[in-house]
Amino acid sequence: IDWLQLEQAIELNQLDETLAPADKKMVTEFERELGNFMIANAGLLSGVPEQPIDAWGDVAGCGSYLTALGVDGMEMYATMNPWACQDLADTQSGLASGDNNLVNAAWRKAQISKDFGGLQAFMSNSLQSYQSGDSAGAAGVEVAAPPTVTYNALKDSVEFSVALTGLPANAEFKAGQPIEFTDTLMLQQQNKSPLVRRNAGVPFAGVVKADINASAGGDVTLVVSGTPIFDTDLPQYNVVDRAITTGDSVRIEGVGGKTYQPGLFYTKGFVGVGTVELPPLNDTDSTVMTDETTGFSMRATKYSDEDANVQKMRIDMLPVFCCFNTLMGGQFYGNA
């Protein structure tokens, strides 16, 4: 941020207004990077990418998934874009049954409902989009070789590698694309029985972590979020009912070349956020500030461009993200 000497002389008693654009820009950039990180590490999938989020059942389905998985005693959240929230606000108006509190919350606040289907639902304009590669929707895709899925191999990871075959030549994958391994089912993490949704097992899903193209022969090795642990020696740590193996079917969700903006559902056990405390710059006035409540740290540095007769302030923050457990968060779409 910079301002002229004249502005400092007659206007800078309103410094907060001068700094306000930087405040909003930093928050937006922070949320954008966090959204990218959350989508890339989502280990669960609820709904179908082709269906918009337009019913409260879509949101409640996320809470049902986490509850069925065995997430007990943790607050659960769902975050959607403003258009989805508009559709849900219309629906919530019909749910009010004479109580205006829900209607008022729907239209005046970002929070759609404090508690619906076991989740708290929020609006965000910082959710990230992805454009699916032309691999999306490809038929006949199979696992080419069994990935390593033992507990000791995956216990400290939030991703695994898997080789696929049967793709179109040079098929493109984009980071953020969800894929499902339809022959391998998720387990309830407390009693280790397969999850069942609408009389069908819930397949293990993950998200493609990085852009990549298949070979001319239709082969590719993907890095996918999630840990499909299956270990006969340590069954207490199993995440799925069987090991992913050669010949298993793979469903690549969506339509090639289409842009999607999934909602996110998660608990506080999904990701962690912090900042690195930056050292002061070697300047005349550089200050590092740390909030004692959150631990977030920022650095503000004031300096000047004497030739241009301009005062400047630089504000820096270095965020860090970590994924605790990919089973604590996921992408969601409509028709859960």
Side-chain angles (χ1 to χ4, degrees), residues 37-47 61-74 76 118 141-164 176-209 221-253 262 264-272 322-332 336:
F37 184 83
M38 293 176 75
I39 284 180
N41 288 280
L44 304 176
L45 176 65
S46 181
C62 301
S64 298
Y65 196 163
L66 289 170
T67 301
L69 195 62
V71 177
D72 292 331
M74 299 185 72
M76 298 181 288
V141 182
E142 298 181 346
V143 175
T148 302
V149 294
T150 59
Y151 170 72
N152 285 324
L154 298 182
K155 65 182 178 68
D156 296 322
S157 180
V158 293
E159 61 191 33
F160 75 108
S161 296
V162 59
L164 305 183
Q177 282 186 241
I179 64 174
E180 286 189 322
F181 297 83
T182 56
D183 298 308
T184 300
L185 304 181
M186 295 290 295
L187 295 180
Q188 207 274 2
Q189 291 303 292
Q190 294 177 356
N191 61 32
K192 299 302 179 181
S193 62
L195 297 186
V196 177
R197 177 174 56 199
R198 295 177 182 151
N199 295 324
V202 178
F204 174 79
V207 172
V208 177
K209 300 273 286 188
T221 298
L222 298 178
V223 178
V224 180
S225 67
T227 52
I229 295 172
F230 184 82
D231 195 320
T232 55
D233 295 327
L234 298 167
Q236 66 269 31
Y237 299 116
N238 287 350
V239 172
V240 292
D241 69 334
R242 61 185 289 277
I244 296 171
T245 191
T246 304
D248 282 0
S249 297
V250 178
R251 180 164 57 234
I252 306 167
E253 297 286 355
L264 288 169
F265 68 103
Y266 51 92
T267 74
K268 290 182 179 179
F270 179 33
V271 298
C322 67
C323 180
F324 299 128
N325 190 336
T326 59
L327 298 182
M328 294 289 184
Q331 294 185 14
F332 81 100

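Because only heavy atoms are used, hydrogens play no part in the values below, and waters and symmetry mates are left out as well, while side chains stay in.
The side-chain heavy atoms of Ile179 and Leu222, taken from C-beta on, include a pair separated by under 4.5 Å. Inter-residue side-chain proximity for Val271 and Cys322 is flagged as unmet; no heavy-atom pair is nearer than 4.5 Å. Between Phe270 and Cys323, some side-chain heavy-atom pair lies under the 4.5 Å cut-off. Contact check for Leu44 versus Leu327: side-chain heavy atoms found under the 4.5 Å cut-off.
Side chain of Thr267 to backbone of Gly269: a donor-acceptor contact under 3.5 angstrom is found. For Gln190 (side chain) and Gly70 (main-chain N/O), a donor-acceptor pair under 3.5 Å exists by modelled atom type. Distance alone, capped at 3.5 Å, places no donor-acceptor pair between the Thr326 side chain and the Val158 backbone.
The shortest non-hydrogen separation linking Met186 to Pro203 is CG-O, 3.8 Å. The minimum heavy-atom distance linking Ser225 with Ala42 is given by the pair OG-O, 2.6 Å. Of all heavy-atom pairs spanning Ala68 and Gln188, the tightest one is O-CG, 2.8 Å. Smallest separation of non-hydrogen atoms from Val223 and Ser161: CG2-OG, 3.9 Å. Residues Thr227 and Phe204 share a closest heavy-atom pair of N-CZ, 4.1 Å. Between Val240 and Pro228, the shortest heavy-atom distance links the atoms CG2-O, 3.7 Å.
Rounding to the nearest 0.5 Å places CD of Glu180 at 11.5 Å from CD1 of Ile252. Note that CZ of Phe265 is 7.5 Å distant from CG of Leu45, once rounded to the nearest 0.5 Å. The distance from the CG atom of Asn152 to the CG atom of Asp231 is 7.0 Å, given to the nearest 0.5 Å. We find the CZ-CG distance between Arg197 and Leu185 to be 11.0 Å, quoted to the nearest 0.5 Å. A distance of 11.5 Å separates CZ in Arg251 from CZ in Phe181, rounded to the nearest 0.5 Å. Note that OH of Tyr151 is 7.5 Å distant from CG of Asp156, once rounded to the nearest 0.5 Å.
Salt-bridge formation is detected for the pair Asp248/Arg242: a Lys NZ or Arg NE/NH1/NH2 atom is positioned less than 4.0 Å from an Asp or Glu carboxylate oxygen.
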**OP:** Kindly indicate, with the supporting measurements, whether the criterion side-chain contact (heavy atoms from CB on, under 4.5 Å) is fulfilled by Tyr237 and Lys155.
**Re:** CA-CA 9 Å; Tyr237 299 116; Lys155 65 182 178 68; over 6 Å; no
Subject >> Full working for side-chain contact (heavy atoms from CB on, under 4.5 Å) between Lys209 and Val207 >> reply: CA-CA 6 Å; Lys209 300 273 286 188; Val207 172; 5.9 Å; no
**OP:** Take Thr184 and Asp241 through the test side-chain contact (heavy atoms from CB on, under 4.5 Å) and record every step on the way to the result.
**Re:** CA-CA 6 Å; Thr184 300; Asp241 69 334; 4.0 Å; yes
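Lys192 NZ: more than 12 foreign heavy atoms inside a 6.0 Å radius.
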Would you give me the side-chain donor-acceptor pairs under 3.5 Å for residues 142-150, sequence neighbours excluded?
none

